[in-house]
Amino acid sequence: MLTFCKKLYHLTTSAMSFFISLLSCLLFSSFSAAGKIKKLRKKLNGKFKECYIMGNGPALNDILQSPMANREEVALFAVNFFALNEKFLQVKPDFYMMIDPVLWRDKNDNTSNEKKKQEIRSNVKRLLEQLEKVDWDMYFFISNRCPLSLFKNVSPHVHVVQINTTPVSGWKWASHLLYNLGLGMPLPQNVTNAAIFAAIFLRFEKIYLYGANHSWMLDLRVDEQNRIYTEDSHFYKASENRYYFQKGILEIHLRCYANTFASHTALDKYSRTVGVRVYNRTRGSFIDAYEFDAQQ
């Protein structure tokens, strides 16, 4: 009886999750954006077989500091504020993912640190300035909620592509159907989740992760006054920055961490269903959803 009740519970929660996801897609996803990204997949068919996704964790320096073999055969996928680093104009990524609402909203609800808010505004401005300098073809993915007018001054080589970031969960087969239609993706809690989904959707045969440390738990600290803060470090920062959490918000951050890893698990299942393999090449990475590949 207990086993039956557990199965019924999981069946019910999966059904509820999917129908909520379906309703969300109907209300918040763009069918136009879904159609355009499917056209992009058809256009790119066969151009690249492999894709390197470059997270902004400290371990990304491992690949940036050495010459990249077979560059013309590998698609490079940058994320967030990678463009603020001098390597951006040298590496020339083919794809770029930036879905954080800070891109088009002048606020950040996750911090009360005014210094952090000013830094974000400055970074967004510098990112747009860097996009004006692009002299190679690059597909820049943004959320379907982000206005295209924000990119009116970028280089003509930058092809801005809206992607539906509506979270989809529930029944595996039904969720994968919505993924394949381009109407949603596993919860994009972290930009790496979204970049991996886009790479899977574009059907690269193999996807390799670099700089995806996801080691935020190691950065959590408590000072002498029992205030919680984090040492925020990225490959492009020369020093770490201390950011204090609002009181009572630690639970939210920990839930976000859990959501990120749950999305990686969902992405691994989806990739295997469509015949794509994702490998983690980030040394010291906390991501355990994908097979680790130490060869670099």
Side-chain angles (χ1 to χ4, degrees), residues 33-57 59-60 62-64 68-80 82 88 91-99 136-143 157-165 168 175-186 188 190-212 214 260 263-282 285 287 289-296:
K36 289 178 181 178
I37 195 172
K38 283 189 286 187
K39 289 181 179 178
L40 176 60
R41 178 172 64 190
K42 185 176 181 180
K43 177 181 178 180
L44 296 173
N45 184 33
K47 184 175 182 179
F48 301 105
K49 292 186 179 297
E50 297 184 357
C51 174
Y52 291 178
I53 294 179
M54 303 182 295
N56 290 330
L60 184 61
D62 293 346
I63 184 176
L64 293 181
M68 192 174 300
N70 303 322
R71 171 63 182 91
E72 65 280 357
E73 300 176 6
V74 176
L76 293 186
F77 215 131
V79 301
N80 279 0
F82 176 86
F88 172 65
V91 172
K92 301 181 185 296
D94 305 282
F95 302 90
Y96 204 116
M97 177 69 71
M98 179 62 172
I99 61 169
W136 68 94
D137 284 332
M138 183 180 76
Y139 294 94
F140 193 91
F141 289 93
I142 60 173
S143 170
H157 295 282
V158 176
H159 310 288
V160 181
V161 181
Q162 289 183 314
I163 186 171
N164 286 312
T165 53
V168 173
S175 296
H176 288 188
L177 174 61
L178 293 180
Y179 300 161
N180 288 331
L181 292 174
L183 294 175
M185 62 176 67
N190 182 274
V191 67
T192 309
N193 297 138
I196 294 172
F197 173 79
I200 296 172
F201 187 88
L202 295 176
R203 297 297 189 267
F204 296 110
E205 294 180 8
K206 295 181 180 179
I207 301 168
Y208 297 95
L209 305 184
Y210 293 90
H214 283 29
T260 298
S263 288
H264 282 303
T265 299
L267 286 163
D268 181 63
K269 293 178 180 178
Y270 176 53
S271 67
R272 293 174 185 272
T273 299
V274 298
V276 175
R277 293 305 306 272
V278 183
Y279 298 94
N280 190 358
R281 282 185 172 174
T282 307
S285 172
I287 303 174
Y290 315 111
E291 181 178 343
F292 180 70
D293 180 11
Q295 183 178 2
Q296 298 187 28

TODO: Go through the steps for Asn164 and Met185 under the test side-chain contact (heavy atoms from CB on, under 4.5 Å), then give the verdict.
DONE: CA-CA 7 Å; Asn164 286 312; Met185 62 176 67; over 6 Å; no

Open item on the list: Restricting to non-hydrogen atoms, name the atom on Phe77 and the atom on Ala199 that form the minimum distance, rounded to 0.1 Å.
Closed with: CE1-N, 4.3 Å

Side-chain donor-acceptor pairs of residues 266-276 under 3.5 Å, sequence neighbours excluded:
| from | atom 1 | to | atom 2 | distance (Å) |
| --- | --- | --- | --- | --- |
| Asp268 | OD1 | Arg272 | NE | 3.4 |
| Asp268 | OD2 | Arg272 | NE | 3.1 |
| Tyr270 | OH | Asn180 | OD1 | 2.6 |
| Ser271 | OG | Leu267 | O | 3.4 |
| Ser271 | OG | Asp268 | O | 2.7 |
| Ser271 | OG | Val276 | O | 3.4 |
| Thr273 | OG1 | Lys269 | O | 2.9 |

- [ ] Of all the heavy-atom pairs spanning Phe197 and Pro186, show the shortest one and how long it is.
- [x] CD1-CD, 3.9 Å

Open item on the list: As an exercise, state the distance from CG of Leu60 to CE of Met54, rounded to the nearest 0.5 Å.
Closed with: 6.5 Å

Task: Student check: side-chain heavy atoms of Ile163 and Phe201 closer than 4.5 Å - done: no

Open item on the list: For the NZ atom of Lys43 and the NE2 atom of His159, what is their distance to the nearest 0.5 Å?
Closed with: 6.0 Å

TODO: Answer yes or no: are there more than 12 heavy-atom neighbours, outside Lys36 itself, under 6.0 Å from its atom NZ?
DONE: no

- [ ] Report yes if the side chains of Tyr139 and Leu202 come closer than 4.5 Å at any heavy-atom pair, otherwise no.
- [x] no

- [ ] Name the orientation class of the two ring planes belonging to Phe140 and Tyr96 (parallel below 30°, tilted from 30 to 60°, perpendicular beyond 60°).
- [x] parallel

Open item on the list: My understanding is that only one of Leu76, Asn280, Thr282, Ile196 makes a side-chain contact (heavy atoms from CB on, under 4.5 Å) with Ile53; could you say which?
Closed with: Ile196

Open item on the list: Taking the side chain as everything from C-beta on, heavy atoms only, tell me whether Pro188 gets closer than 4.5 Å to Ile99.
Closed with: yes

TODO: Taking the side chain as every heavy atom from C-beta outward, state whether Val191 and Met98 have any pair of such atoms under 4.5 Å apart.
DONE: no

Open item on the list: Measuring only between side-chain heavy atoms, which start at C-beta, is Pro93 closer than 4.5 Å to Phe88?
Closed with: yes

TODO: May I ask you to decide if Ser143's main-chain N or O and Thr165's side chain share a donor-acceptor pair within less than 3.5 Å?
DONE: no

Task: Side chain to side chain, His264 and Asn193, heavy atoms closer than 4.5 Å - done: yes

- [ ] Hey, could you give me the OH/NZ distance between Tyr52 and Lys206, rounded to the nearest 0.5 Å?
- [x] 10.0 Å

Task: For the student: nearest non-hydrogen atoms of Ala33 and Gln162, plus distance - done: CB-O, 3.7 Å

Open item on the list: To the nearest 0.5 Å, what is the distance between OG1 on Thr192 and CG on Asn80?
Closed with: 7.5 Å

Task: Tyr208 vs Tyr279 side-chain heavy atoms within contact, under 4.5 Å - done: yes

Open item on the list: Once rounded to the nearest 0.5 Å, what's the spacing between atom CG of Asn45 and atom CZ of Arg203?
Closed with: 11.0 Å

- [ ] Can you measure from CG (Leu181) to CD1 (Ile37) and round to the nearest 0.5 angstrom?
- [x] 12.0 Å

Open item on the list: Tell me every residue that passes salt bridge (charged side-chain N to carboxylate O under 4.0 Å, His left out) with Lys47, counting only those two or more places apart in sequence or in another chain.
Closed with: none

Open item on the list: A side-chain contact here means heavy atoms from C-beta on lying under 4.5 Å apart; do Phe95 and Phe141 qualify?
Closed with: yes

